[in-house]
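Following: one structure in structure tokens, then a few remarks.
Quick caveat, the model's predicted, so the values are computed rather than measured.
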There are 2 protein chains.
Amino acid sequence: MTEKEFLSNYDRRDYLTPLLTVDTVLFTYHENTLKVLLVERANYPQKGQWGLPGGFVDENCDASLDDTVYRKLKEKTGVVPPYIEQLCTVGNSDRDPRGWSVTVCYTALIAHQACEAHIESVHSVKWASIEEIEGMTLAFDHYQLYLQARERLRQKSLYSIVPGFALPEVFTLAELQHVHEVLIGKAIQNKSFRRRLDQADLLIDTGEKRQERGRPANLYRLKSQSADYRFIRNLEF
Amino acid sequence: MTEKEFLSNYDRRDYLTPLLTVDTVLFTYHENTLKVLLVERANYPQKGQWGLPGGFVDENCDASLDDTVYRKLKEKTGVVPPYIEQLCTVGNSDRDPRGWSVTVCYTALIAHQACEAHIESVHSVKWASIEEIEGMTLAFDHYQLYLQARERLRQKSLYSIVPGFALPEVFTLAELQHVHEVLIGKAIQNKSFRRRLDQADLLIDTGEKRQERGRPANLYRLKSQSADYRFIRNLEF
DNA sequence: CCAATAGTGTCTATTAGACATTATCGC
DNA sequence: GCGATAATGTCTAATAGACACTATTGG
């Protein structure tokens with residue numbers, strides 16, 4: 001038998017493969033806290049429960065897993081977040097009552113304002129603060145996935161400025177530092193934080209300033225390479 | 001309709017889901033080089049080509065994806081490696097001629113001696129040195145997966161001693177350092193390397209020594225926490 | 001001037017790089 | 001003693017922590 005013959009005889013419908021979904025833990029920073037996007041399940045199983053945005057691969061729409069993630073996030077937020085990263089893949093026989101099931105889980109970050117209007121227009125989608133989530137029961141193993149995403153993001157806050165993608169396009173250093181502090185769960189030395197940013201040259205100074213109380217703060221924008229930059233030394237926690 | 005009714009009406013065979021496999025990039029250190037385990041494909045597609053060890057989830061044997069990985073590695077090597085880590089998941093419509101396909105890829109490390117006998121007894125399984133692999137064409141996108149695993153392991157060699165799991169249970173510091181140097185592609189300052197190990201307290205001194213030429217070298221064993229330890233400062237490369 | 005917030009100066013502590021030096025073996 | 005390899009001493013450089021200090025705004 002040749003490969004060609006094999007393939008023309010091959011029919012995927014002859015085999016049962018596990019259910020396959022993608023899910024995303026999408027973070028934003030708003031009102032001085034981190035928030036995560038939750039979606040109320042419209043269908044069984046676990047209808048009515050809150051869970052992470054995600055769903056099945058659609059072979060007709062999606063050329064790749066990333067496409068599925070983009071499609072699902074666009075449905076819920078109206079946009080594709082500027083930072084998306086694969087977190088982990090969980091697959092076992094228990095996590096979904098429909099049977100052996102696999103989810104490819106992503107972490108993503110977005111500015112709150114970038115999707116504020118769209119989210120308010122869509123029913124059964126909301127931002128939940130991380131305090132709020134602690135007390136919730138999420139669908140399937142989504143709470144576990146959330147915890148893993150949060151822990152990964154905490155690690156990243158020690159050696160990168162990835163958390164900055166949860167801020168608006170233009171932000172102050174105090175805001176950036178605060179996102180990191182929320183993730184780490186502890187205050188960071190202001191001087192240390194600024195020194196690192198200076199040296200790494202990861203921000204564009206917009207020249208603009210913003211004032212609320214006290215001295216006006218410089219406004220910055222993330223450089224494109226900020227997503228990939230890693231400091232060689234961690235903050236210590 | 002209740003959830004119970006929904007589930008009793010639900011039949012996974014009504015839906016077509018992507019093909020799902022696991023693959024592992026298994027490294028070892030032998031004869032002063034890093035080697036990767038390759039398997040000759042016994043079946044179509046790409047029959048006869050070398051690729052990574054892996055295969056389909058078997059819902060009857062495997063309670064989780066990790067179980068699938070253990071089962072597949074045990075088939076090829078006779079043992080379960082002491083270090084296994086999820087690398088990434090790749091899914092798209094192109095990578096497998098049978099259709100939309102997803103692979104969950106793992107990186108693993110093992111001592112060469114731990115599976116030497118079993119591998120020699122099994123046909124169509126071999127260790128390929130990293131120099132050898134550079135010139136090869138592997139099945140599907142396995143070469144890409146190999147490159148990603150190698151890059152991740154290179155990063156880890158800068159802030160952990162994970163690469164030590166590619167060594168025999170008992171090893172010298174020179175051997176450990178050399179694995180790191182091969183991964184980094186550059187010599188490491190001997191003093192820096194030893195200082196880090198001293199301070200982190202990651203090794204057990206066996207008290208034994210091994211001599212080949214020159215001064216006998218102390219023999220060490222990895223402590224169990226070595227897999228998870230991260231230095232707060234990277235080696236610089 | 002005061003309160004408030006932004007941003008800097010500067011000293012210490014830690015840790016990696018560089019490279020010279022010492023230690024321990026076989027012969 | 002010599003060659004070889006293992007292991008250490010020690011100085012410098014880089015960078016984080018600590019915390020006091022200065023700067024810029026409104027009232």
Original post:
Which parts of residues 157-174 of chain B get close to DNA chain D, meaning a heavy atom less than 4.0 angstrom away?
Top reply: Ala174(B)
**OP:** Would you mind listing every ring pair (Phe, Tyr, Trp, His ring centres under 6.0 Å) that reaches into residues 187-224 of chain B, with sequence neighbours excluded?
**Re:**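 Listed by first then second residue: His180(B)-Phe193(B).
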With the side chain counted from C-beta on, respond yes when [X] and [Y] share a heavy-atom pair under 4.5 Å apart, and no when they do not.
X         : Y         : value
Leu176(A) : Leu197(A) : yes
Tyr29(B)  : Leu183(B) : no
Asn234(B) : Arg230(A) : no

Original post:
Cut-off 3.5 Å, side chains only: do Thr89(B) and Thr89(A) have a donor facing an acceptor?
Top reply: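 Side chains of Thr89(B) and Thr89(A): pair found under 3.5 Å.
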Original post:
For residues Asp62(B) and Tyr70(B), is any side-chain donor paired with an opposing acceptor at under 3.5 Å?
Top reply: no
Subject >> Whether His112(A) and Trp127(A) hold their rings parallel, tilted or perpendicular, with breakpoints at 30° and 60° >> reply: tilted
For atom [atom1] of [X] and atom [atom2] of [N], their distance in whole Å:
X         : N       : atom1 : atom2 : value
Asn218(A) : dT5(C)  : CG    : C1'   : 13 Å
Arg213(B) : dC27(C) : CZ    : C1'   : 14 Å
His180(B) : dA16(C) : NE2   : P     : 13 Å
Ile188(B) : dA18(C) : CD1   : C1'   : 15 Å
Gln177(B) : dA16(C) : CD    : C1'   : 13 Å
Arg210(A) : dG7(C)  : CZ    : P     : 11 Å

Subject >> Phosphate OP1/OP2 of dT14(C): any Arg233(B) side-chain N/O under 4.0 Å >> reply: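 Arg233(B) to dT14(C) OP1/OP2: no side-chain N or O under 4.0 Å.
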**OP:** For Pro216(B) and for Leu235(B), locate the closest nucleotide of DNA chain C by heavy-atom distance; then report the residue assigned to the nucleotide nearer the 5' terminus.
**Re:** Leu235(B)
Subject >> Pairwise 5' ranking along DNA chain C for Lys209(B) and Phe231(B), keeping only the more 5' one >> reply: Phe231(B)
Original post:
More than 12 heavy atoms of other residues, nucleotides or ligands under 6.0 Å from CD of Gln144(A): is that the case?
Top reply: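 Count not over threshold, so no.
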Subject >> 5' precedence on DNA chain D between Ala217(B) and Gln189(A) (nearest-nucleotide basis) >> reply: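 Between the two, 5'-proximity favours Ala217(B).
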**OP:** Between Arg196(A) and Glu212(A), just flag the one whose closest nucleotide in DNA chain D comes earlier from the 5' side.
**Re:** Arg196(A)
**OP:** Hey, could you give me the CD1/CD distance between Ile188(B) and Glu181(B), rounded to the nearest 0.5 Å?
**Re:** 5.0 Å
Short N/O separations, protein against nucleotides 8-11 of chain C, under 3.5 angstrom:
unit_1: dG9(C); atom_1: N7; unit_2: Lys191(A); atom_2: NZ; d: 3.1

Original post:
Hey, where on DNA chain D does chain A first and last touch, going 5' to 3'? Cut-off is any atom under 4.0 Å from a heavy atom.
Top reply: dT15(D) to dG26(D)
Subject >> ring pair (Phe, Tyr, Trp, His ring centres under 6.0 Å) against Tyr143(B), all qualifying residues, sequence neighbours excluded >> reply: Tyr146(B)
Subject >> Residues forming a side chain to side chain contact (heavy atoms under 4.5 Å, CB included) with Gln211(B), sequence neighbours excluded >> reply: Pro216(B)
